Amino acid sequence: MTPRPESSGSHPEQPAEQRPAEPPASARKKKPAAAEAMSEKGAAKKKAGKKAGVRKGTAGKGVPKKEVPKQGVPKQGVPKQGVPKQGKAGKAGAVRVRVPEARPPAGRSAPPEAGPALSPALGPADRERLLDGTHHDPHAVLGAHPVPGGVAFRVFKPYALAVTVVSGDLTAELHDDGGGFFSALLPLREVPVYRLLVTYEEAVREVEDAYRLLPTLGELDLHLIGEGRHEELWTVLGAHPMTHQGVTGTRFAVWAPNARGVRVAGGFNFWDATGHPMRSLGSSGVWELFVPGVGEGELYKFDIARPDGSRTLRADPMARRTEVPPATSSVVTSSRYAWGDAEWLARRAETPVHEAPFSVYEVHLPSWRPGLTYRQLAEQLPAYVGDLGFTHVELMPVAEHPYGGSWGYQVTGFYAPTARLGTPDDFRYLVDALHRAGIGVIMDWVPAHFPRDEWALAEFDGRPLYEHADPLRAAHPDWGTLEFDLGRREVRNFLVANAVYWCQEFHIDGLRVDAVASMLYLDYSREPGRWTPNERGGRENLDAVAFLQEMNATVYRRVPGVVTVAEESTAWDGVTRATHHEGPSGFGGLGFGLKWNMGWMHDSLEYMSHEPVHRRYHHHEMTFSMVYAYSENYVLPISHDEVVHGKRSLVSKMPGDWWQQRAGLRAYLGFMWAHPGKQLLFMGQEFAQGAEWSEQHGPDWWLLDPAYGAEADHRGVRDLVRDLNTVYRHTPALWRLDTEPSGFRWVAGDAAEDDVVAFLRYDRDGSPLLAVSHFAPVVRHDYLIGVPDDVPAWHEVLNTDAARYGGGDVGGHGPVKPEPQGWHGFPASVRLTLPPLATVWLRPA
């Protein structure tokens, strides 16, 4: 942290005639005269000028007749910067004061008078630092302070013509010290509660003095921030409309420990931050300022003086609302949303996710129905997803991001839902609507990296802050982004609190954590010599391990009923093991609830892409997943990543003609829904869209238009997905023991020559479901399948070759009774007619 320079004080011992004739060059820059005149909120009072006692000699003009500023910047009336005015004011600090003797103002007591009254004007060092934006404690020199001889008032209003202090019946015009500084020494025994009348070229504003107010952050908050343990960080950092010491305004706070100074700029000061320096709150690295009169909807950024002397204008890392991209400002906001999902929240923790039905529809909100807002989506998405029977939606990252083509995976506003589709409360409305429809909401969350945009997190305060200081550790080798420095406690706090924030503030039911593998390995996508081993000599990123464990433990503790899901593509041991259980590798579990089964996805899609005549040679690709199926709690994902960038849509991966492609897709979906693990399907694949997904236009909904000739083909696949979800949700054997080996038994796992895969799924009470998948384009009659002998008859509950799905309607339609002939290691067997390229489910009749 940059050492905090000592304040040069007010130099009370320095007489006016010894002060410099003009301030430094930085103070002589001419700026728009009415910037602050238009920024101070509230209507000007018509009699303010008379009450203030403003003299024409102060600024060469009387109080302007018009009290409402013109739109735009006045061309005249800029006071000369730096040269103290001469004339009626007399020596520095002389004022015109009217103080009623009967009612002395209340406030802080002044020290006993000793010696002659001193000059209240700021010394050159404080003036220089305030003008340059490098003052660490502007509140120590501005505002009202007891001094020998009375109370010193100092005000910094860069574009004011005159400033008057008003407190009850007290009216005192301050001396114009030049450069936007005004001061006076008033013969008061206590610091009063006061307001300021500020005269501009074309307006007079009565405003609160921000620099008379105490800090808005308490010692406990600062302690927790310093420890990296503030689990509700968003409540103390960022911009928060509030009432402080009886004054209405907005508290701004930002973590910037390397900054030489921080000021807040926004629409309220015409983006000239000169008059709004923030104070440093000690070793916490936090800078804070309460700005009276600023409310919701105001745009803002932080003007940061960097260690090298340059300046940068940055969006708020903790902004809870942003402008619509490509605009980059942060927006002051607060929520007034009244939730209606209490019943959903009350019951979501009743059953652990891995023991409940969990079928996910993945959605890219901006392109699902292009042009719809959050509230318009709330009218359509819950009904569509509910009709198809999915239990959850997974929303691709909704956190603010500058480039739409990143699909939200390069985040700049970690605490703000993207403004492209509406306000934060609009997003709450969408989540609420989904919950009221009985649909859970999983959100993609991206804690691995962030983009290099110069207005966002990269070298935020002039040095590496959120990113690692080592360039080799900071640069993500695949995406041109920066990796978070997860070894820094404040950065971990920023991300852990962010995970809690989405779950608490937006009622998100789970976080799918993106790119976990890239976080866990120091050598991820790095060549030898481009990475450094950890303290144990290994390639594991110990900081990332500790962060993920802390994040998961905190989220599960604070928000019961949520689930965290890891997109992790390696064989890391214990992704879904509890953090306090150490595994063979010596690490505790990472603590996730579920993990994407990338191996199953890759192998099974590879198998389905082969021509049926060749599939017998790749049979292991459909069975190998059961070797490790119970090593973690898995999700079977067919996500957006598998249907873009030349990978083709799901139906287009299937070989053969259009009939065979659709049949192969239907058979694959039946196999997927029966396989141990939860299901995830990306939008558009539920109706066999033939084209790859594009964020520019979204799914090809026209394929479902009744006027389209092949509409029935696509509608049939969608009807199958609906029925898969319906049977799935009402068949506990398909989900109750998803993570326990006792819930699964092979029937035919080695029938490579027949392209058949058959297995049993069991409920906790032993109730079975028989799933048989046949991946050859021929009919197999009287195909023998081994079964238990305690089931008197089996009934077909789903056949992906049914005519209503677009199939050939091959297969049995009534109960099938087992024969005493043992087969596949079972004491009995049934004879089935296996449809071509189809999956059949049977339950006890």
Side-chain angles (χ1 to χ4, degrees), residues 1-14 23-24 26-27 107-108 110-111 118-147 151-158 177 179-183 185 191 194 196 208-219 221-223 225-226 236-237 244-245 247 249-265 269 273-292 302-307 309 311 461-462:
M1 176 177 174
T2 305
R4 177 171 172 171
E6 296 182 2
S7 171
S8 59
S10 59
H11 293 274
E13 75 284 352
Q14 188 176 28
S26 60
R108 291 172 291 182
L118 303 176
S119 168
L122 286 177
D126 280 315
R127 288 168 61 104
E128 173 77 10
R129 288 156 60 195
L130 285 167
L131 288 165
D132 286 348
T134 57
H135 208 297
H136 276 63
D137 196 2
H139 294 71
V141 294
L142 299 176
H145 301 273
V147 297
V151 175
F153 290 81
R154 305 185 191 96
V155 175
F156 182 33
K157 298 290 183 184
D177 299 326
F181 294 94
F182 299 83
S183 66
L185 177 61
V191 174
Y194 65 92
L196 301 175
E208 296 284 354
D209 186 359
Y211 297 92
R212 75 171 180 84
L213 303 174
L214 297 172
T216 56
L217 273 68
E219 291 184 4
D221 286 322
L222 295 176
H223 172 75
I225 291 171
V236 292
L237 297 184
H244 177 52
Q245 293 182 241
V247 179
T250 294
R251 185 267 311 286
F252 295 93
V254 63
W255 179 60
N258 298 309
R260 296 178 62 222
V262 183
R263 301 181 292 193
V264 61
N269 59 17
T274 306
H276 287 91
M278 305 175 73
R279 63 177 145 205
S280 172
L281 298 179
S283 61
S284 67
V286 174
W287 298 77
E288 180 263 0
L289 179 66
F290 180 83
V291 182
F302 294 113
D303 181 317
I304 298 175
R306 295 185 280 204
R311 308 201 66 84
D461 58 4

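Note that the structure is predicted; figures quoted are calculated from it, not measured. Keep in mind that the numbers below use all heavy atoms, side chains included, and drop hydrogens, waters and symmetry copies.
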Verdict with supporting geometry, Val151 and Val191, side-chain contact (heavy atoms from CB on, under 4.5 Å): CA-CA 6 Å; Val151 175; Val191 174; 3.9 Å; yes
Close side-chain approach of Phe181 to Leu130, heavy-atom, < 4.5 Å: yes
Backbone N/O of Asn258 and side chain of Asp461: donor-acceptor pair under 3.5 Å: yes
Distance, nearest 0.5 Å, that separates NE2 of His276 from CZ of Phe302: 12.5 Å
Worked check of side-chain contact (heavy atoms from CB on, under 4.5 Å) between His135 and Leu142: CA-CA 11 Å; His135 208 297; Leu142 299 176; over 6 Å; no
Arg212 and Val247, any side-chain heavy atoms less than 4.5 Å apart: yes
Test log, rule side-chain contact (heavy atoms from CB on, under 4.5 Å), inputs His139 and Leu289: CA-CA 9 Å; His139 294 71; Leu289 179 66; 3.7 Å; yes
From Leu237 atom CG to Glu288 atom CD, the distance as rounded to the nearest 0.5 Å: 10.5 Å
Euclidean distance, Gln245 CD relative to Glu208 CD, rounded to 0.5 Å: 10.0 Å
Non-hydrogen atoms of Ala305 and Gly133 that approach each other most closely: CB-O, 3.8 Å
For Ala152 against Leu185, the heavy-atom pair lying closest together: N-CD1, 4.0 Å
Heavy-atom pair with the smallest gap, counting every atom of Val254 and Met278: CG1-CE, 4.3 Å
Atom pair NE2/CZ of His136 and Arg279 - distance to nearest 0.5 Å: 14.0 Å
Check: Arg154 side chain, Gly143 main-chain N or O, donor-acceptor pair, under 3.5 Å: no
From Leu217 atom CG to Arg251 atom CZ, the distance as rounded to the nearest 0.5 Å: 5.0 Å
Rounded distance (nearest 0.5 Å) linking atom CG of Leu281 with atom CH2 of Trp287: 9.5 Å
Exam field: side chain Arg311 to backbone Asp132, donor-acceptor pair closer than 3.5 Å: yes
Test item: His244 side-chain N/O and Leu214 main-chain N/O as donor-acceptor pair under 3.5 Å: yes
Nearest heavy atoms of Phe290 and Pro292, plus distance in Å: O-CD, 3.4 Å
Criterion ring pair (Phe, Tyr, Trp, His ring centres under 6.0 Å) on Phe156 and Tyr211, from CA distance to verdict: CA-CA 10 Å; Phe156 182 33; Tyr211 297 92; 8.5 Å; no
Side chain Asn269, main chain Val264, donor-acceptor under 3.5 Å: yes
